[in-house]
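For the numbers below, each heavy atom of this structure counts, side chains included, while hydrogens, waters and symmetry mates do not. Residue numbers start from 1 in every chain, and the chains themselves are labelled A, B, ... in the order their sequence lines are given, proteins ahead of strands.
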Amino acid sequence: MNITTTLSQAVADALKNLYGIETDAKTIVLQDTRKEFKGDYTLVVFPYVKQARKSPEAVANEIGEAVKAALPLVEGFNVIKGFLNFEVADSYWTSFVAEKAADVNFGMAEVDPNEAPVVVEYSSPNTNKPLHLGHIRNNLLGWSVSQLLAANGSNVKKVNLVNDRGIHICKSMLAWLRYGNGETPESSGMKGDHLVGKYYVEFDKHYKEEVKHLMESGVEEEQAKKEAPLMVEAQSMLKRWEEGDKEVRALWEKMNGWVYAGFDETYNRLGVGFDKVYYESNTYLLGKELVQKGLDMGVLFRKEDGSVWCDLTGDGLDQKLLLRKDGTSVYMTQDLGTALLRHKDFGAERLIYVVGNEQDYHFKVLKLILGKLGFEWADKVYHLSYGMVELPNGKMKSREGTVVDADDLIDEMEKTAEEMSREHGKNDELSPEEQKHLYHILALGALKYFILKVDPTKNMLFNPAESIDFNGNTGPFIQYTHARIRSIVRKAGDVETLSAVSVTMNEKERGVVKTLHALPETVAAAAAAYSPAMVANYAYDLAKAFNSFYQDTPILREEDAQLKHFRVQLCVMVANALKNTMNILGIEVPERM
RNA sequence: GGCCCCGUAGCUCAGCUGGAUAGAGCAACUGCCUUCUAAGCAGUAGGUCCUGCGUUCGAAUCGCAGCAGGGUCACCA
């Protein structure tokens with residue numbers, strides 16, 4: 001059993017025996033003892049002094065005595081004001097290391113593939129322009145949360161819902177027909193998604209001119225925006241698409257094909273992927289039967305003009321449109337349909353949507369309506385709502401050209417990683433391929449860590465200069481620590497398994513061991529909070545604890561064989577823990593750098 | 001304007017269900033490489049935890065009000 005649960009139980013027993021206070025052991029909180037005091041776990045006794053009718057010091061001492069008598073593992077305790085610090089015997093920590101050192105997956109749960117899956121949707125791009133920094137946060141989060149839930153034992157399925165149809169795609173198609181002169185990714189050497197994005201911008205440029213001209217000839221702005229010939233034509237193209245017009249469909253397939261090739265390249269570089277990809281062109285009609293069902297059930301209603309709505313005023317929200325008066329569906333309608341489809345496809349235990357917080361309202365409504373439609377799994381829908389990424393000079397605006405392109409950013413990071421590595425000159429003996437791979441994982445390590453270390457729910461500032469920093473609280477720092485440890489472990493050769501565990505630890509070793517010990521509970525807490533940031537912070541703490549230990553404690557140079565083995569095993573455990581936690585973040589960790 | 005989120009060191013961020021003197025990194029300044037990788041370690045300096053009131057033995061954390069910032073309120077997705 002885990003030491004903290006054992007301790008909690010002993011405390012609960014003591015409370016009952018000493019003062020007749022009945023408590024559930026689970027409600028007893030033990031916190032890590034602060035560094036400046038002696039001890040490992042601290043119980044705050046203030047909550048019990050009233051019932052015990054004694055001073056905090058007296059209560060702490062009495063509980064301390066009782067627990068110490070009950071648990072041999074508790075070697076001693078000290079009391080400072082109302083704080084009871086338990087001192088856990090070294091033997092507990094050393095046997096923990098001896099037991100777990102050989103477990104390369106310590107702290108990582110096994111996944112049962114037969115269990116009902118947790119379905120995570122993320123990425124979900126539009127196919128009219130390339131991926132940018134905002135998408136990067138989404139992709140990294142989606143991937144990492146999937147890894148995190150899997151590390152906590154969930155059977156995770158990652159899905160992507162590609163928005164491959166709609167007016168925005170028609171705009172790119174139309175502009176390409178008009179101004180493209182048959183340009184292709186091959187003919188131009190341009191990545192497919194960038195090429196299509198180029199024509200999306202092109203459309204916007206010409207469209208704005210048309211609107212401007214119309215307004216100059218006296219047309220109202222709103223009217224002009226609707227009447228501009230390009231817009232009219234894009235609309236008619238969308239209509240032809242929906243009617244299955246062969247020509248339009250062929251062009252649509254061609255250009256989407258370019259985009260997918262481009263996306264795949266970016267996904268590969270980012271190291272993310274999916275178990276299943278849905279396309280909106282296949283799912284956008286879903287949800288209409290649900291509307292009928294809702295009408296039959298009386299949870300939806302039809303207005304005089306024929307449009308269908310859901311009344312959410314009883315829930316403190318507005319009325320929500322589900323079918324236009326012409327019978328066509330809206331985003332919400334589709335999302336209801338795809339949720340049902342996904343529920344059926346996977347028999348999912350949970351449906352997680354990694355979508356920015358600007359859609360909080362949408363998902364609130366989605367869950368409500370699913371509930372009203374009688375789906376008991378509505379409360380299994382979880383919107384993993386993440387904050388926006390801002391730049392030092394403000395928000396990203398595609399129209400103002402202030403977007404940070406995903407591919408450019410990765411290129412930039414790789415270039416910097418190469419420069420930094422060459423400067424250090426430690427990797428000259430690696431082959432060119434190995435060097436290239438190293439630069440890649442360092443670049444992505446820096447980028448991913450920079451983004452994932454921030455609490456997902458919070459808006460974050462992306463400062464390009466800081467993101468490529470390789471010192472301090474960064475991905476490369478942790479990668480470096482791993483490489484350093486691996487170097488020691490390689491030099492140590494085969495390490496015997498520790499049999500006797502009677503070593504005396506120094507404070508630095510204790511720090512490392514205790515941090516390692518906290519790995520399983522950290523993963524569990526992070527998974528419960530859907531927060532890769534908690535894992536990132538843990539990895540950083542562990543690396544820091546190790547480096548501090550490494551600095552002034554001999555490992556291979558240690559003469560005492562027992563101690564040396566113990567320390568090497570610590571190294572092995574830390575290396576594994578760093579590798580596994582970084583893997584949760586989608587960050588690869590090098591053997592040397 | 002209604003609803004939602006947010007405000008911690010010069011900057012970027014931690015601080016879990018309330019607990020001891022609020023912590024890291026960057027930037028600034030000091031030291032430490034003939035010794036297991038200095039992408040490191042050790043240290044100095046830097047705070048009205050936005051403001052006020054309240055709950056409590058105890059508040060950065062909970063509640064209310066105010067101020068500042070952001071998001072959202074489409075027959076767009």
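- Across the protein-nucleic acid pair, A:F450 atom CZ and B:C26 atom P stand 13 Å apart, rounded to whole Å.
- The stretch residues 463-484 of chain A touches RNA chain B through A:E466, A:D469, A:F470, A:N471, A:G472, A:N473, A:F477, A:Y480, A:A483, A:R484, each having a heavy atom within less than 4.0 Å of the strand.
- Ion pair A:E507/A:R510 flagged as a salt bridge, since at least one NZ, NE, NH1 or NH2 atom sits closer than 4.0 Å to an Asp/Glu carboxylate oxygen.
- If you check B:G70, B:U37, B:U17 against the side chain of A:Y550, the one that comes closest is B:U37.
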Inset, instruction - Starting from the C-alpha separation in whole Å, work towards a yes-or-no answer on side-chain contact (heavy atoms from CB on, under 4.5 Å) for A:F263 and A:S123. - result: CA-CA 11 Å; A:F263 281 177; A:S123 201; over 6 Å; no
At a cut-off of 3.5 Å, list every protein nitrogen or oxygen paired with a nitrogen or oxygen from nucleotides 56-59 of chain B, distance to 0.1 Å.
none

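- Contact record, A:L84 with A:F86: CD2-CZ, 3.5 Å, taken as the closest heavy-atom pair.
- The residue among A:V44 and A:N547 whose nearest nucleotide of RNA chain B lies closer to the 5′ end is A:V44.
- A distance of about 30 Å separates the C1' atoms of B:U35 and B:A24, rounded to the whole Å.
- Heavy-atom nearest nucleotides on RNA chain B were determined for A:N427 and for A:L556, and the one closer to the 5' end corresponds to A:L556.
- For A:K239, the NZ atom sits in a loose shell: 12 or fewer heavy atoms of surrounding residues, nucleotides or ligands are nearer than 6.0 Å.
- Atom name C1', nucleotides B:G10 and B:A45: the rounded distance is 13 Å, in whole Å.
- For the pair A:N78 CG and B:A20 C1', the computed distance is 12 Å after rounding to whole Å.
- Nucleotides B:C76 and B:G71 have their P atoms positioned 22 Å apart, rounded to a whole Å.
- B:U55 is unpaired under the criterion used here, namely a Watson-Crick or G-U wobble arrangement in which both key atom distances are under 3.5 Å.
- Residue A:N85 is classed as a base contact, given a heavy-atom separation below 4.0 Å to a base.
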Legend entry - Contact letters for nucleotides 72-77 of chain B, in which S counts primed atoms plus P, OP1 and OP2 and B counts the base, heavy atoms under 4.0 Å: SS-BSB
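- Contacts between residues 532-545 of chain A and RNA chain B, defined by a heavy-atom separation under 4.0 Å, are made by A:N537, A:Y540, A:K544.
- Residue A:N459 contributes atom CG, which lies 10 Å from atom P of B:C6 at whole-angstrom precision.
- Between A:R422 and A:E418 a salt bridge is recorded (basic side-chain N to carboxylate O distance below 4.0 Å).
- Nucleotide B:G18 forms no Watson-Crick or G-U wobble pair with any nucleotide shown, as no partner meets the under 3.5 Å limit on both distances.
- To the nearest angstrom, P of B:C3 lies 17 Å from CG of A:L368.
- Counting only residues at least two apart or on different chains, no salt bridge (Lys or Arg N to Asp or Glu O under 4.0 Å) pair has a member in residues 322-336 of chain A.
- In B:C33 the base sits syn relative to the sugar, since the glycosidic angle is no further than 90° from 0.
- When both distances must be under 3.5 Å, the Watson-Crick or G-U wobble mate of B:G40 is B:C32.
- Using a 4.0 Å heavy-atom criterion, one finds that A:T553 contacts the bases of the nucleic acid, with or without backbone contacts as well.
- The pairing partner recorded for B:C3 is B:G71, the criterion being a Watson-Crick or G-U wobble arrangement whose two distances lie under 3.5 angstrom.
- When heavy atoms are screened at a 4.0 angstrom cut-off, A:I488 is found touching the sugar-phosphate backbone but no base atom.
- Between A:F83 and B:A20, a base-stacking contact is recorded: ring centres under 5.5 Å apart, planes less than 30° from parallel.
- Residues passing the side-chain hydrogen bond (donor to acceptor under 3.5 Å, both in side chains) test with A:Q51, sequence neighbours excluded: none.
- Going from the P atom of B:C33 to that of B:G23 covers 30 Å, rounded to whole Å.
- For residues 551-566 of chain A, every residue pair satisfying the salt bridge (Lys or Arg N to Asp or Glu O under 4.0 Å) rule, not counting sequence neighbours, is listed here: A:K508-A:D552, A:E558-A:R567.
- Judged by atom type and distance alone, A:S548 does not reach the base of B:A42 through any side-chain donor-acceptor pair under 3.5 Å.
- Under the 4.5 Å side-chain criterion, counting only non-hydrogen atoms from C-beta, A:E242 is in contact with A:Y284.
- Rounded to whole angstrom, the span from the CG atom of A:L391 across to the P atom of B:G70 amounts to 15 Å.
- Listed by chain and number, the residues in a side-chain hydrogen bond (donor to acceptor under 3.5 Å, both in side chains) with A:E221 are A:K225 (sequence neighbours excluded).
- The base-pairing partner of B:A45, taking Watson-Crick or G-U wobble contacts with both distances under 3.5 Å, does not exist among the strands shown.
- If you check every strand for non-hydrogen atoms under 4.0 Å, A:V49 touches nothing.
- Tested against A:T127, the residues A:D193, A:N256, A:D164 include a single side-chain hydrogen bond (donor to acceptor under 3.5 Å, both in side chains) partner, A:N256.
- To the nearest angstrom, P of B:G15 lies 17 Å from NZ of A:K35.
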May I have the list of side-chain donor-acceptor pairs in residues 440-451 of chain A shorter than 3.5 Å, sequence neighbours left out?
unit_1	atom_1	unit_2	atom_2	d
A:H440	ND1	A:E414	OE2	2.5
A:K448	NZ	A:L270	O	2.7
A:K448	NZ	A:G586	O	2.6
A:Y449	OH	A:N473	OD1	2.5
A:Y449	OH	A:A536	O	3.2

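- B:A74 and B:U55 have their P atoms separated by 42 Å, with the value rounded to a whole Å.
- If you check every strand for non-hydrogen atoms under 4.0 Å, A:D32 touches nothing.
- Residue pairs satisfying the salt bridge (Lys or Arg N to Asp or Glu O under 4.0 Å) criterion with at least one member in residues 29-53 of chain A, sequence neighbours excluded, are listed as follows: A:R34-A:E36, A:K38-A:E87, A:D40-A:K514.
- Looking at residues two or more places apart in sequence or on another chain, you find a side-chain hydrogen bond (donor to acceptor under 3.5 Å, both in side chains) between A:Q292 and A:D296.
- Listed candidates were B:U37, B:C13, B:G70. Nearest to the side chain of A:L461 is B:C13.
- Close to B:A20, at under 4.0 Å from its OP1 or OP2, lies a side-chain N or O of A:R34.
- Within 4.0 Å (heavy atoms only), A:P554 reaches at least one base atom of the nucleic acid.
- Among A:R484, A:R490, A:K579, the one residue that satisfies the salt bridge (charged side-chain N to carboxylate O under 4.0 Å, His left out) test with A:E591 is A:R490.
- Look at CD on A:E521: it is 15 Å from C1' on B:U17, rounded to the nearest Å.
- Nucleotides B:C41 and B:G47, compared at atom P, are 25 Å apart to the nearest Å.
- What separates CE of A:M460 from P of B:G71 is a distance of 17 Å, to the nearest Å.
- Note on residues 314-323 of chain A: pairs passing salt bridge (Lys or Arg N to Asp or Glu O under 4.0 Å), not counting sequence neighbours, are A:D315-A:K372.
- A:N128 and A:S172 share no side-chain donor-acceptor pair at under 3.5 Å.
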